Protein chains: 2
Amino acid sequence: MKRKITLKQIAQELDVSISTVSKALRNSAEISDDTKQKVQAFAKLYNYRPNNIALSLKNRRTNTIGIIIPEIVHHFFSNVISGVEHVANKRGYNVIIGLSNESFSKEVINMEMLANGSIDGFILSIAKETQKLQDYHHFNETMSQGMPIVMFDRVVAEINCDKVIVDDFNGAKKAVEKLIKNNCKSIALITTNDYVSVGKLRTQGYLEAFEENGITAEPKLILKIDDTLDNETQLDVLENEIEQLFKSNKSIDGVFAVNELYALLAMKVATKLGLEVPEDVQVIGFTDGVLSKHSTPRLTTVRQHAHRMGEMAAQLLIDKLESEYDTIDEEFQTVVIPTELIERESTK
Amino acid sequence: MKRKITLKQIAQELDVSISTVSKALRNSAEISDDTKQKVQAFAKLYNYRPNNIALSLKNRRTNTIGIIIPEIVHHFFSNVISGVEHVANKRGYNVIIGLSNESFSKEVINMEMLANGSIDGFILSIAKETQKLQDYHHFNETMSQGMPIVMFDRVVAEINCDKVIVDDFNGAKKAVEKLIKNNCKSIALITTNDYVSVGKLRTQGYLEAFEENGITAEPKLILKIDDTLDNETQLDVLENEIEQLFKSNKSIDGVFAVNELYALLAMKVATKLGLEVPEDVQVIGFTDGVLSKHSTPRLTTVRQHAHRMGEMAAQLLIDKLESEYDTIDEEFQTVVIPTELIERESTK
DNA sequence: TTTTAACACGAAAACGTTTTCGTGACTTCC
DNA sequence: GGAAGTCACGAAAACGTTTTCGTGTTAAAA
């Protein structure tokens, strides 16, 4: 088929030079009105659009940002993407995605693939495996090449860059306080292993709420789920673990879970064991996703404002990109997005 | 900070020409072993990587594919993306995303933004507004410029291009047949307006199952939801409509819904009205998402294999891109992905 | 010793832009 | 009528690659 038309072709066709065509299209005062009209009409007729790749090469800016996330089939992450895309689009940037699938090596490969000029900067949330290995060389290398990074949600303290995080600690704390205020006497925690930074922070929020209220935390009320468990296929294992928690602690009248799936399963198990939600046991989950919204009873959750996080991350990154001439400004900021407790039917 | 190193800089530093460096790095036989070693060592030391943009310009291929979808916070679409990303990555392509938010103009703008050389081809599912307006000029223009398009799920018959679709008709038909076989005598349909192509096809499947079993469809059992309704905020309206359906048709003992939310709400309403699922009313939904998997009772659904659809779409596109020299092959194919009935707890 | 072949490298073009600078043809001014 | 200035345009460089072709040097063959 016919390829896209270029300046060169227009120039040939109209018997002028390439520079004249370029200037005419950009409405330069250097060019006579006659020529301008002729060129512009021709360009319009053939639907001329400047080639983006050539522009990128010339300007040494691609106007594209890369976003690397652990998974995309996930309410939180897809929401972040939509936020990123929203402001990126508004400000004339494209968004290119890479999935790490929670794997360290895929994260590294993805970043290397994009860092070679394809994008101007990164927005990313690191893979669990990376958190476990604590190998951050790829971030340092990328930044040392002058490519800015904005991390969100799962961030790493050792790396100096802009960050957008959820207030995991206080979000969890407030949720647990809510349970305490609602007269729960035996509040269980369902969380992940400690190397997952957000899981750890939420756990700390739980503990802090206890402490401030003079309650001593009981280890047996804390269930740490091994999250190498595949939530898709090993759902029954998960459910079983939670069931054991309930069975060996009949006193439980409140549950705080670090994600909505755990919270939902807690409700399910409770119901199965003949307990009523929220009468007998109240449940709050972190992460406000579709599951929480449409469960019966509808789950009280800690909303993270994922969309806003994405918007904020994109804003930070683009601001940095567009102020790169005053490169002295090597001040990095960490924006904390406050959480919001959405009270629904799983609490009194 | 220090920018990425280029061939030119290596050449200067080593006092050879740019061509020599390039050849040395590509292990050309033209270059002496001495020089090769020197250059390669230097390149490795400074972590040289060829600039992708320059390569794209030279090769006139970006090795990037664009995917335009109506929304990303959506189990089906995010699953498709993950499929696309999977094979794209495996075959050395990047994926750049654009969201139309179901808007015609955003779809057009997004496509124009990417069609100017940023990508080699499109994978897309068209916006509802585009379906309603039936304005497809942007697809034709894109294709006439030699840029291939692969459509998935929501496709348009008038455009000649590769397509990947769900077998909506048969998927729906089989689901309804299942209900019939399970002795449902009064099967309701909860669907969307007709201009949504997949909604229409699923409705036809429902009708066909009736016909083949000698049952006459009753219009009052068919609820068409106006999908300009925002599922997020107007949930109660939705729920109310479904409740009315049940109340004015006490005989209903089976429900087929064209998406999982409608199905879930149907279960919820039924339960609320004192009906047991699946004892009194059996429910099947199209689209196998998280809601279905984690509802109580767990929903029987028609699985679409979204991930596989994404993989297939990417494969079709890349195959076409990489065979573009024998451009005569203007045969387009439509791949139909069969559905699968996942029987869970909402049917007997 | 002369011709030929192999070897090792450099110059330059090309991909599609934008922009700086130069220049020939007029016009204006004294 | 010559100097100076304006106008309208073209040549060329640059962004970072790859690749084709040309060329000088050396070694082998005649």
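Just so it is clear: chains get the letters A, B, ... in the order the sequence lines come, proteins before strands, and each one is counted from 1. Quick caveat: nothing in here was measured; it's all calculated off a predicted structure.
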Donor-acceptor contact present, side-chain A:Ser28 to main-chain A:Ala24, <3.5 Å: no

Ring geometry between B:Phe139 and B:Tyr136 (parallel below 30°, tilted from 30 to 60°, perpendicular above 60°): parallel

Touch class at under 4.0 angstrom, heavy-atom based, for A:Ser22 against every strand present: base

Touch class at under 4.0 angstrom, heavy-atom based, for A:Leu55 against every strand present: sugar-phosphate

Modelled atom types, side-chain donor and acceptor of A:Lys4 and B:Asn116, under 3.5 Å: yes

Nearest-neighbour nucleotide for the B:Tyr48 side chain, D:dT17, C:dT17, C:dT19 considered: D:dT17

Counterpart residues, side-chain hydrogen bond (donor to acceptor under 3.5 Å, both in side chains), relative to B:Ser82 (two or more places apart): B:His307

Test side chain to side chain contact (heavy atoms under 4.5 Å, CB included) applied to B:Met151 and B:Val164, B:Ile68, B:Ile165, B:Val156, the passing residue: B:Val156

A:Arg308 atom CZ, neighbour heavy-atom count above 12 within 6.0 Å: no

Interatomic distance, B:Asn51 CG vs D:dT18 P [rounded to whole Å]: 10 Å

Tabulated below should be each protein N or O lying under 3.5 Å from an N or O of nucleotides 8-13 of chain D; please produce it.
| from | atom 1 | to | atom 2 | distance (Å) |
| --- | --- | --- | --- | --- |
| D:dC9 | OP1 | A:Thr35 | OG1 | 2.6 |
| D:dC9 | OP2 | A:Ser32 | N | 2.9 |
| D:dC9 | OP2 | A:Ser32 | OG | 3.0 |
| D:dC9 | OP2 | A:Thr35 | OG1 | 3.0 |
| D:dC9 | N4 | A:Glu30 | OE1 | 2.3 |
| D:dG10 | OP1 | A:Ser17 | N | 3.3 |
| D:dG10 | OP2 | A:Ser17 | N | 2.8 |
| D:dG10 | OP2 | A:Ser17 | OG | 2.9 |
| D:dG10 | OP2 | A:Thr20 | OG1 | 2.1 |
| D:dG10 | O6 | A:Lys23 | NZ | 2.4 |
| D:dA11 | N7 | A:Ser19 | OG | 3.2 |
| D:dA11 | N6 | A:Ser19 | OG | 3.2 |

Five-pair end axes of the helix from C:dT1-D:dA30 to C:dC30-D:dG1, angle between them (10°): 70°

salt_bridge(B:Asp319, B:Arg91) N-O dist < 4.0 Å: yes

Salt bridge present between A:Glu102 and A:Arg154 (N-O < 4.0 angstrom): yes

